[in-house]
*Asks:* 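Below you'll find the structure I mean.
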Amino acid sequence: MVKNPELLIVGGGSAGMAAALSARKSGIQDILILETDPYLGGVLRQCIHTGFGLQTFGEDLTGPEYAGRYQDMMEEEKIPYLLNTPVLEILPDLTVLAISRTEGYLELHPKAIVAATGCRERSAGTIAIPGTRPAGVLTAGTAQRYINIEGYHAGREVVILGSGDIGLIMARRLTLEGAHVKCVAELMPKSGGLTRNIVQCLEDFDIPLLLSTTVAEIHGKERVTGVTLAPVDENLKPILEKSWYVACDTLLLSVGLVPETELFSAAGAEIERGNGLKVDEKLMTSIPGLFGCGNVVKVHDLVDRVSRQGELAGRYAAEYILGGK
Amino acid sequence: MEKKITCTVCPRGCTILAIREGEKLKLTGAACPRGEAYAREEFTDPKRMFTSTVRVAEGISEITLLPVKSAGPVPKRILFDLAELCREVMVTETLKRGDVVVQNALGCGVDLIAGANL
Ligand SMILES: Cc1cc2nc3c(=O)[nH]c(=O)nc-3n(C[C@H](O)[C@H](O)[C@H](O)COP(=O)(O)OP(=O)(O)OC[C@H]3O[C@@H](n4cnc5c(N)ncnc54)[C@H](O)[C@@H]3O)c2cc1C
Ligand code: SF4
């Protein structure tokens with residue numbers, strides 16, 4: 001039997017774990033984290049590259065190492081969590097409905113909730129590229145998860161659209177795994193990725209970065225056979241007269257992240273213009289007792305900032321519970 | 001010989017021009033000494049952190065792929081060989097984060113270590 005926690009945390013990524021630890025430090029005994037995945041750590045688990053934790057730990061860690069440090073602290077504090085447990089619905093009175101692989105259907109009534117569900121990638125369906133959607137078109141993050149956690153191969157001849165850090169990191173990973181990354185195309189005149197990633201993920205392997213360029217069409221019936229690339233004008237419209245064809249069996253999309261807010265907006269929580277959960281200076285949403293932190297509030301580049309915001313959310317949620325409001 | 005190097009030590013990303021003049025290396029464009037040291041190494045023997053995954057034998061853990069990293073920077077020229085090595089390694093023990101997976105990988109003097117607990 002799962003009993004009602006005082007504080008319930010939705011999502012066991014870096015934001016959720018930091019929130020739990022700091023709420024415990026602020027005097028909340030009864031905490032429960034619910035996590036959909038079969039592991040804690042969220043997106044960190046698939047980010048096997050280094051570049052995490054320089055601020056928090058003063059060391060250059062990989063994603064799994066960073067997550068592992070937090071998991072150790074969670075064990076030490078004996079903070080309870082349920083894996084394989086998606087939260088299905090939240091009601092405005094903070095009732096939480098979830099389904100757990102081991103505990104079955106759950107209806108919980110915590111005094112406060114921390115929303116820490118992170119973000120998801122814009123997928124092929126949500127961006128406007130003409131042509132088909134055959135197999136082999138996938139988001140960079142999905143490919144990262146396939147390769148780094150499940151051990152699949154993603155493709156032999158690859159084109160990547162989007163030069164944010166996820167796209168760059170995947171260009172290197174695929175190259176080292178024996179794929180031929182033909183190019184990274186970027187719609188904007190400048191890459192949004194870190195200089196370090198441009199040098200170490202593209203230049204090191206002579207992978208061309210094509211700025212002000214986009215995928216104008218996707219070709220292939222069952223599997224991708226190629227893409228049409230085209231330069232864009234100042235309104236970001238493809239100049240089709242100057243387009244060219246590139247054969248490939250895989251197209252990775254790294255075209256942006258969207259906060260995972262549906263669960264909370266369905267309960268009535270307000271959404272910020274930039275698409276994240278709207279929170280006040282104490283990280284509380286428009287629903288009293290519902291707090292938010294990490295990528296569900298705003299997409300963060302650095303995990304250290306996510307952890308810091310998680311800590312604050314945990315503390316404010318604790319104050320809210322202890323204040324008896 | 002002449003080489004244009006983008007410094008990656010800090011986000012400022014200075015472009016440093018390295019020119020070999022006989023025995024000496026002339027560096028211009030670095031805004032600080034850390035950048036000069038980086039450019040010197042980048043010109044002679046560039047080094048990188050290496051990360052990958054290795055397979056875990058059945059029955060050891062529910063984790064089937066173990067993330068690994070080099071315990072320190074390794075020569076850039078052996079990155080592909082290390083990736084190849086990782087495709088061949090199979091872990092057969094219950095390793096903990098930080099444990100050595102491959103000692104002195106390919107004789108480069110750096111170990112590959114486990115990035116997670118099995
Ligand atoms: C490819 C990539 C590279 C990055 N590189 C770096 C880097 O080099 N350095 C750096 O500092 N930062 C980096 N970041 C950023 C940083 O890692 C993330 O911003 C941070 O880890 C996000 O933490 P989070 O807890 O907000 O979200 P997440 O880690 O996404 O965690 C959210 C969790 O909520 C769970 N969840 C979602 N919905 C539900 C539900 N309904 N019920 C239960 N659980 C749910 C999810 O399964 C997930 O575990 C990178 C991010 C990515 C994607
Ligand atoms: S030279 Fe110095 S200031 Fe310039 S990028 Fe390198 S470390 Fe930063």
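Numbered from 1 within each chain, the chains take letters A, B, ... in sequence-line order.
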*Asks:* How long is the gap from CD on A/Q200 to OG1 on B/T6, to the nearest 0.5 Å?
*Replies:* 11.0 Å
*Asks:* Heavy-atom distances under 4.5 Å only: say whether A/I149 touches chain B with side chain, backbone, both or neither.
*Replies:* backbone
*Asks:* I need the residue from B/G13, B/S52, B/A116 with the largest number of non-hydrogen atom pairs under 4.5 Å to chain A.
*Replies:* B/S52
*Asks:* Once you round to the nearest 0.5 Å, how far does CD1 of B/I113 lie from CD of A/E65?
*Replies:* 5.5 Å
*Asks:* Pick one of side chain, backbone, both or neither for B/I63, based on which atoms fall under 4.5 Å of a heavy atom in chain A.
*Replies:* side chain
*Asks:* Based on non-hydrogen pairs under 4.5 Å, which of B/C7, B/P46, B/P67 is most in contact with chain A?
*Replies:* B/P67
*Asks:* In this structure, are over 12 heavy atoms from other groups packed under 6.0 Å from A/F205 atom CZ?
*Replies:* yes
*Asks:* Which atoms of A/D204 are under 4.5 Å from chain B, going by heavy atoms: the side chain, the backbone, both sets, or neither?
*Replies:* both
*Asks:* More than 12 heavy atoms of other residues, nucleotides or ligands under 6.0 Å from CD of B/E88: yes or no?
*Replies:* yes
*Asks:* Side chain from CB out, backbone as N, CA, C, O: work out which of these in A/Y39 comes under 4.5 Å of a heavy atom of chain B, or both, or neither.
*Replies:* neither
*Asks:* Give me the atom names and distance for the closest heavy-atom approach of A/D60 to B/K69.
*Replies:* O-NZ, 3.3 Å
*Asks:* State which residues pass side chain to side chain donor-acceptor pair (under 3.5 Å) with A/R145; sequence neighbours excluded, sorted by chain then number.
*Replies:* A/D37
*Asks:* Can you name the closest pair of heavy atoms from A/R196 and B/T8 and give their distance?
*Replies:* CA-CG2, 3.7 Å
*Asks:* If I take atom CG from residue B/N117 and atom CG from residue A/D72, how far apart are they, to the nearest 0.5 angstrom?
*Replies:* 6.5 Å
*Asks:* Can you confirm whether more than 12 heavy atoms, excluding those of B/R20, are under 6.0 Å from its CZ atom?
*Replies:* no
*Asks:* To check you understand the geometry: which heavy-atom pair defines the closest contact between A/N148 and B/T53, and what is its length?
*Replies:* O-CG2, 3.7 Å
*Asks:* For the residue pair B/T51 and A/R172, confirm or rule out a side-chain donor-acceptor distance under 3.5 Å.
*Replies:* no
*Asks:* With only heavy atoms counted, which part of A/I147 is less than 4.5 Å from chain B, the side chain, the backbone, both or neither?
*Replies:* backbone
*Asks:* Which heavy atom in A/T175 sits nearest to a heavy atom in B/F80, and how many Å separate them?
*Replies:* O-CE2, 3.4 Å
*Asks:* Of all of A/E203, A/E150, A/R69, which one pairs up most often with chain B through heavy atoms under 4.5 Å apart?
*Replies:* A/R69
*Asks:* Does a sphere of radius 6.0 Å around CZ in A/R308 hold more than 12 heavy atoms from other residues, nucleotides or ligands, not counting ones at 6.0 Å or beyond?
*Replies:* yes
*Asks:* Does A/K25, at its NZ atom, have more than 12 non-hydrogen atoms belonging to other residues, nucleotides or ligands within less than 6.0 Å?
*Replies:* no
*Asks:* Got a sec: does the CG of A/D301 have more than 12 other heavy atoms crowding it under 6.0 Å?
*Replies:* no
*Asks:* Going through the distances and angles, do B/R87 and A/E177 end up as a side-chain contact (heavy atoms from CB on, under 4.5 Å)?
*Replies:* CA-CA 9 Å; B/R87 283 195 284 277; A/E177 285 311 303; 3.2 Å; yes
*Asks:* Among the options A/A67, A/G68, A/G41, A/G63, pick out the one with the most heavy-atom pairs lying under 4.5 Å from chain B.
*Replies:* A/G68
*Asks:* Determine, stepwise, if the pair A/T62 / B/R97 fulfils side-chain hydrogen bond (donor to acceptor under 3.5 Å, both in side chains).
*Replies:* CA-CA 11 Å; A/T62 64; B/R97 194 170 75 237; over 6 Å; no
